[in-house]
Enquirer: 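Following this message is one structure expressed as structure tokens.
Start at 1 and go down the list; that is how both ligands and their atoms are numbered.
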Amino acid sequence: MNAYLDYQAAKPVDPRVFDAMKPYFIEEFGNPSSLHLYGYNATKKLEESRQKIAEFINAPSPDNIIFTAGATESNNLAIIGGALRNKRKGNHIIISEIEHISILNIGKYLERQGFKVSRLSVDQYGRINLNKLERLINDKTILISISTASNEIGTLQPIEEIAEIAQKHKVWFHSDAVATQSSVPIDVQKVPFDLLTLSSNEIYGPRGIGALYLKKGVRVNPIIIGGGQEKGMRSGSENMPGIVGFAKAAEIMKAEINTEAARLKKLRDKLIEGILKIPKSYLNGHPEERTPHNANFRFDYIEGESLLLALKDENVEVATGSACSSKTLEPSHTLISCGLLHEEAHGSLLLTLGRFSEEKDVDKIIEVLPEVVRKLRVLSPLTPPKFLEQIKKEVN
Ligand code: PMP
């Protein structure tokens, strides 16, 4: 088996989730909109599933949950739907510079529709500055969208404080919680989000299903118009196998998140300690305020893509940046916002752990990486001659 250290990009469905989904493809195929027995059974399961998602984030009621086709759609519904809903109040939205590509592109889209979008900068660790955030708010501001953490460098944001500022100024606070769902418990009664994006695959459920939490009293304009399902906010026949799987995944995650997070943190710390022994290697993101499953590094003089391919030859599967935009040749926008030079951002390696990661996966990369890095540096035109002499000798 290859060592898989790219849980941020895709997670396998938990076999317990898959088992729960199976009957909803064949025997229990009903559409919740139908009035006969099959429809009734589907409605019952739909509402039970909604309740499980509500419990996962400690939402007061299942009415707070709208099912969508994934985190991208939830982000669209929250931000575009929220902007349209509030356009009479104002036209200004605040996001951070290091949001997921879906949010950055929604920002550009809204600008083309006449909205104003401010992009909050971050410090070298990827944290936003609360004073800067507050200074950006004006009487036209209607929405702040800042993720609970970066999916790329793992840095956690001060969400409680952001929510407080948003409340004080009567501005909605939306957060994409995807990067923290699998390792940091969420309690929407403790942190008063107005809108929260959730993804099923992030917690070992199937892909193509997600949810949007809306605080009581918060409504957004639909962006998918049709038969009026999901309280008119998201039309289209419900994806019942997906919803059942998502709910099972949420139930399991709620029960296991604390033990899982502690286990992942131990593995992550071993990874960080082992890899930082490589000369001229650095950790990206915050040293402490980071998600338990994320480790992101950079290495002087080499490129992440060559590292990724060389590790692939060693049966170790890794990433260099956010999977959603990694097929472009652009360096990571997150690392550039943290102040890295283009060549530094290109030398990054993203390692993410998950439920099925084992210590042997961590040991394997710690064992093979030093030699992979050394060999690439020997070939790299960027390696300074003195350092090159030194690393050439290491092999003899
Ligand atoms: N937000 C974040 C933080 C993500 O990492 C991702 C991708 N996993 C998304 C949104 C989009 O998710 P999806 O592709 O499932 O719509």
Enquirer: So, regarding Glu73 and ligand 1 (criterion: nitrogen or oxygen to nitrogen or oxygen, under 3.5 Å), is there a contact or not?
Expert: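 For ligand 1, there is no N or O atom that lies under 3.5 Å from one belonging to Glu73.
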
Enquirer: Considering all heavy atoms of both residues, which atom of Leu382 and which atom of Tyr301 are nearest to each other, and what is their separation?
Expert: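 Heavy atoms only, the tightest pair is O-CD2, 3.5 Å.
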
Enquirer: Could you name each residue pair satisfying salt bridge (Lys or Arg N to Asp or Glu O under 4.0 Å) that touches residues 226-235, not counting sequence neighbours?
Expert: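 The answer is Arg50-Glu230, Glu73-Arg234.
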
Enquirer: Taking the minimum heavy-atom distance to atom 11 (C) of ligand 1, which of Thr68, Ile101, Thr72 ranks first?
Expert: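 Heavy atom nearest to atom 11 (C) of ligand 1 belongs to Thr72.
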
Enquirer: Please determine if Asn151 has a nitrogen or oxygen closer than 3.5 Å to a nitrogen or oxygen of ligand 1.
Expert: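 Checking ligand 1 against Asn151, an N or O pair does fall under 3.5 Å apart.
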
Enquirer: Could you name the option among Ala179, Ala71, Gly208, Ala149 that has the heavy atom nearest to atom 15 (O) of ligand 1?
Expert: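 Answer by nearest heavy atom: Ala71.
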
Enquirer: May I ask you to decide if Tyr7's main-chain N or O and Thr352's side chain share a donor-acceptor pair within less than 3.5 Å?
Expert: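 Here the side-chain-to-backbone pair exists.
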
Enquirer: Applying a strict under-4.5 Å side-chain criterion to I, L, V, M, F, W and Y, I'd like to know whether Ile203 and Val178 cluster together.
Expert: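 No; Val178 is not reachable from Ile203 via cluster members.
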
Enquirer: Determine yes or no for a side-chain-to-main-chain donor-acceptor pair under 3.5 angstrom, with Asn201 supplying the side chain and Pro206 the backbone.
Expert: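 No, Asn201 side chain to Pro206 backbone: no donor-acceptor pair under 3.5 Å.
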
Enquirer: Evaluating non-hydrogen atoms only, which member of Asn75, Thr148, Val178, Asp176 is closest to atom 1 (N) of ligand 1?
Expert: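 Minimum heavy-atom distance to atom 1 (N) of ligand 1 goes to Asp176.
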
